[in-house]
Each structure stands twice: as C-alpha cells, then as structure tokens.
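Take a look at the structure below.
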2 protein chains.
Amino acid sequence: MRLLVEMETKSDVGFTPRMKPKKPKNTRTPKRKPGPSDKEAQIVQRLLKCGQFLQRETNTVCRQFGLKQQQFSVLNEIVWQGPISQKALCERLLFEKSNLSKIVKILLEKKLIRVAVAPGDRRMTLLSETPKGVALWEDCLQAFNQVSNRLMSLLADDEVAGVTRLLKKLEKAFKSQGR
Amino acid sequence: MRLLVEMETKSDVGFTPRMKPKKPKNTRTPKRKPGPSDKEAQIVQRLLKCGQFLQRETNTVCRQFGLKQQQFSVLNEIVWQGPISQKALCERLLFEKSNLSKIVKILLEKKLIRVAVAPGDRRMTLLSETPKGVALWEDCLQAFNQVSNRLMSLLADDEVAGVTRLLKKLEKAFKSQGR
DNA sequence: CGCAAATAGTTTCCGTGTCAACTATAATAT
DNA sequence: ATATTATAGTTGACACGGAAACTATTTGCG
C-alpha cells in the first residue's frame, strides 16, 4: 500500500497538491485517482482554515469586552437590524438555532439586549439592543475594525471589492442549500 | 441614546449596512461615526460566517467516517506532506498547538497515523499515515470533494480561480501576522 | 562547562457549539 | 371544533476548542 504520486514542481498546501516530497515511487494501484485537482475542495479547505484562524483572532479581540466573536456578531446584527427574531438572525448569520438561543440568553444576562414577544405570534421573540448594549457594541466594533484592517492589509482595494462580492455569492448559495 | 443612522436603499447584512429598518430618526450624538463602510471588517465578518457554516457542513460529511473536519484536515495534510512534525502542521493548517496535539492523539488511537521520534531532535515527533489511515482518507476525501462541488456550484470557473488566489494571499498574511 | 532561554509537545480547566429531544404556539386539515 | 402538522425557541448531554500552565528536550551564552 503506497501512494499514487505525480511528481511535479513545488506546490502549496491543499487537497490535491502536485508534489509529495517523500515516497516518490508509486507502488499502489490507483483505486481512486487523486481528484484531478479538485479546486472546489481546495477552496472549502482554505475557507475553513481562514475561518478558524479568524475566529481565534477575533475572539481575543472581543474577549477584551467580555464577549465572544459570535456574541458580538449577534449583538451587531441586532443593533443594525432593529427588532429581529431569532429565526431571522439564524438565517442572516447562518447560525444554528440552539446555539443562537444560548447566545441570546447570555446577551440577555449581560443586559445588552432586550426581548419582547412578537405581536401576532407569541412563539416569536423580537430582540433589540439596550443602551448598555449599544455602548459595548461601539467599543467592540472599533477594536474589531482595527484588527480587520490589520488582517486584511495585504489586500489591494480592488481585491477587497472582489472578495466581498464572491463571499456574498457564497453566502447566498449556503443559505439556499443549507440543510 | 439612539443610533446614528444613514437612510439609504435596501442593503445586505454586514458591519456597516446603509439602512437600518427601524428607528429612522437619529436622536443620538455620533460619538463614533459608524466606520465609513469598513470594508475590511465586512470581509472578516463574512469569512467567519462562511467558515462556521462550512465547518458544520463538512463535519457532518466527515462524521460518516468517524472523523471531524479538523481531524480529516490533519490526516489529509499528513498523507500529502509525508512525515511531518506537529509544529509544521500547525503552521500549515493555522491550528492551535494544543488542539493539534489532541487531534493527533485521537488519530493515533484510531491507528490512522504513526508516530516516530525525529532523528536529531528528540523533542520533535514525525507523523505519517498508516495503510488504514490512507484507506479512510480516500473515502472521506471523495465525500468531501463531492460536497465541496455542491457548495461551490454557484461559482464560475474564473471565480474559482480568483477565490483561490485571494485566499492563498490571506493565508500568507495570517501566517506572518499570526500572534 | 553550566545555567538561562527557547522550542516541541502535553495536560488541565472551562466555556461553548452541536445534535437530538422537548415545549409551546400557530397553521392546516378533517 | 378537534386533531395533525409545522414552526419558534429551549434544554440536556456530550465532546471539542482554546488559553494558560506544565514537561522535556535543545540551544545559546557567559
């Protein structure tokens, strides 16, 4: 049992790299050819990598204000999107509903948001920010923006626009396909 | 205490949206102007969103094979990058070393990888895949590729190339700036 | 040499993300 | 009206991720 390898020039990390440093000889039947450079899987892999890294990085930023990144995202969305239900938040932020429920609980305990029963449908709750929530949000947002600028400093202006457009497209795809 | 709001047309989610549905009147002093459309923070936010979504999605894929997405990523990297140390894996995958240590332990328990003390430096361990590991990796990779294709189906070919290039650039930035 | 600092990896503790099962309300069917 | 199904949100169990503290080597330096 050895690996199928196609020797080429130095490549980068990814799902279907073109070079495997060791084991130059193929002594193994190619049951599954190593996906002819599966670009899509590479993107997913890279997005995961960047996402996880950014999550750690932004968590340390938000922690200064006693929040986690997800909690801040929810607070941010509530501030901007006015009274909004958990359902709507889930859809906008691509969150898991049980997770969101717990985040909401924490934000409530911290008195950063307020909750009201939706008129006309008592299942639904409408969330809105408190003055205290807005104050914390402002401070945290400033720090968040600062770190974001540092992290994205390598991107040129047109690249920034391009990334934004593409991520928006992906989000849309996820929203429609998501479970 | 009310929000500073600039009314405009319907906008999308993000850090500096141009419309706030409710509260059309600004009755609050703009202590901090709402970052003149902080594009960078928006990108970070979107990357986080997509990353978290993809993590859930790929986790369910990997779970069919008894793995989590991160475990699969590590296995994948070990398969492609031959005998490799935890340190190197951390750098390539942008992982936390304590987390990686635990993942390695799990993969060892499942007998998917093998460990050897590095010659010349007994602190370091060199990880390589076992036949069993390769077999599982193949199956999991196939499923992973399939899901990736589905998730990325909205992207055109040139967009795929563009995203790849930009993510590569971001990774590089993260690697240099990371802590 | 011998001791301090750096490096690779591990462990501990805690918070939290996820799935599945559950409650409560609303919509739909009979 | 009543029963069934769907929807919004909650809870509990459990495993995992992350920061910090820790161990064990190696390197650097006086």
Side-chain angles (χ1 to χ4, degrees), chain A residues 48-49 51-64 66-74 78 83-110 113 115-127 178-179, chain B residues 48-49 51-64 66-74 78 83-110 113 115-127 178-179:
Chain A
L48 284 165
K49 205 190 288 191
Q52 285 159 184
F53 177 83
L54 285 178
Q55 197 162 2
R56 254 178 315 176
E57 210 70 9
T58 54
N59 260 330
T60 70
V61 173
C62 295
R63 197 171 40 238
Q64 297 174 297
L67 293 177
K68 304 216 63 171
Q69 172 264 314
Q70 291 195 339
Q71 293 166 7
F72 171 67
S73 287
V74 171
I78 291 174
I84 185 173
S85 70
Q86 290 192 28
K87 177 77 194 308
L89 279 173
C90 273
E91 281 162 4
R92 294 186 76 90
L93 297 174
L94 294 176
F95 273 35
E96 188 94 356
K97 66 174 181 174
S98 72
N99 186 21
L100 183 58
S101 174
K102 288 172 188 175
I103 292 174
V104 164
K105 204 204 282 186
I106 293 174
L107 294 179
L108 274 175
E109 282 166 5
K110 291 180 190 284
I113 61 174
V115 61
V117 176
D121 190 339
R122 293 190 314 180
R123 289 172 302 184
M124 233 186 300
T125 61
L126 290 182
L127 308 170
R179 33 216 71 260
Chain B
L48 284 166
K49 205 191 290 191
Q52 284 160 184
F53 176 84
L54 286 179
Q55 198 162 2
R56 271 200 313 267
E57 210 69 8
T58 54
N59 259 330
T60 70
V61 172
C62 294
R63 199 172 39 240
Q64 298 174 297
L67 293 176
K68 304 215 65 171
Q69 173 263 317
Q70 291 193 339
Q71 294 165 7
F72 171 66
S73 287
V74 171
I78 290 174
I84 185 174
S85 71
Q86 290 193 27
K87 178 78 194 309
L89 279 172
C90 273
E91 282 163 3
R92 294 187 75 92
L93 297 174
L94 295 175
F95 272 35
E96 188 92 358
K97 65 175 182 174
S98 72
N99 187 20
L100 184 57
S101 174
K102 290 171 193 173
I103 292 173
V104 164
K105 204 205 278 188
I106 293 173
L107 293 179
L108 274 175
E109 282 167 4
K110 291 180 190 284
I113 61 174
V115 60
V117 176
D121 190 340
R122 292 190 315 178
R123 288 172 303 183
M124 230 186 303
T125 61
L126 291 182
L127 306 170
R179 32 216 73 265

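Here is the naming used below: chain letters follow the sequence lines, and residue numbers restart at 1 for every chain. Quick note: numbers below take in every heavy atom, side chains included, and nothing from hydrogens, waters or symmetry partners.
- Residue A:Gln55 contributes atom CD, which lies 18 Å from atom P of C:dG15 at whole-angstrom precision.
- For the side-chain contact (heavy atoms from CB on, under 4.5 Å) with B:Ile113, the qualifying choice from B:Leu107, B:Ile103, B:Ile106 is B:Leu107, the only one to do so.
- For the pair B:Gln70 and D:dC16, the criterion of a side-chain N or O lying under 4.0 Å from OP1 or OP2 is not met.
- Contact between the side-chain N/O atoms of A:Gln86 and the OP1/OP2 oxygens of D:dT10 is found at a separation under 4.0 Å.
- Residues B:Pro119 and B:Leu126 are in side-chain contact: their nearest non-hydrogen atoms beyond the backbone lie under 4.5 Å apart.
- Within the 4.5 Å cutoff, the side chain of B:Phe95 has heavy atoms near those of the B:Val74 side chain.
- The side-chain heavy atoms of B:Gln70 and B:Gln55, taken from C-beta on, include a pair separated by under 4.5 Å.
- At the heavy-atom level, B:Gln52 lies nowhere under 4.0 Å from the strands shown.
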Polar atoms only, N or O, under 3.5 Å: list the protein pairs with nucleotides 3-7 of chain C and their distances.
from  : atom 1 : to       : atom 2 : distance (Å)
C:dT7 : O2     : B:Arg123 : NH1    : 2.9

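- For the pair B:Arg56 CZ and D:dC16 C1', the computed distance is 16 Å after rounding to whole Å.
- Contact between the side-chain N/O atoms of A:Lys102 and the OP1/OP2 oxygens of D:dG12 is not found at any separation under 4.0 Å.
- Proximity of A:Leu67 to A:Lys110: side-chain heavy atoms (C-beta onward) are separated by under 4.5 Å at one or more points.
- Distance from the side chain of B:Ile103 is smallest to D:dG17 among D:dG18, D:dT11, D:dG17.
- Distances shorter than 4.0 Å separate none of the side-chain N or O atoms of B:Lys97 from OP1 or OP2 on D:dA19.
- Here D:dA8 presents its C1' atom at 14 Å from CD of A:Glu96, a figure rounded to the nearest Å.
- Taking atom CG of residue B:Leu100 and atom P of nucleotide D:dG18, one finds them 11 Å apart after rounding to whole Å.
- Spacing between atom CD1 of A:Ile84 and atom C1' of D:dA8 amounts to 14 Å, rounded to whole angstrom units.
- At the heavy-atom level, A:Gln71 lies under 4.0 Å from the strands shown only through sugar-phosphate atoms.
- Distances were taken from every side-chain heavy atom of B:Met124 (C-beta onward) to each of C:dT18, D:dA19, C:dA8; the shortest belongs to C:dA8.
- When each of D:dG9, C:dT11, D:dT25 is scored by its nearest atom to the side-chain atoms of B:Arg122, the top-ranked nucleotide is D:dT25.
- B:Glu91 has a carboxylate O that lies under 4.0 Å from a charged side-chain N of B:Lys87, or vice versa, which qualifies the two as a salt bridge.
- In this structure a side-chain-to-backbone donor-acceptor pair under 3.5 Å is missing from B:Asn59 to B:Lys68.
- Nearer the 5' end of DNA chain D, as judged by each residue's closest nucleotide, is the contact made by A:Thr125, out of A:Asn59 and A:Thr125.
- One atom, CG of B:Leu107, and another, P of C:dT10, lie 12 Å apart when rounded to the nearest Å.
- Checked by distance alone, B:Ser98 brings a side-chain donor or acceptor within 3.5 Å of a matching partner on the base of D:dA19.
- Residues A:Cys62 and A:Gln71 have side chains not in contact (no heavy-atom distance under 4.5 Å, counting atoms from C-beta outward).
- Across all strands, A:Asn99 comes closer than 4.0 Å to base atoms (heavy-atom distances).
- The nearest whole Å value for the distance from the NZ atom in A:Lys68 to the P atom in D:dG18 is 8 Å.
- Computed from coordinates, the B:Phe95 CZ to D:dG18 P distance equals 8 Å when rounded to whole Å.
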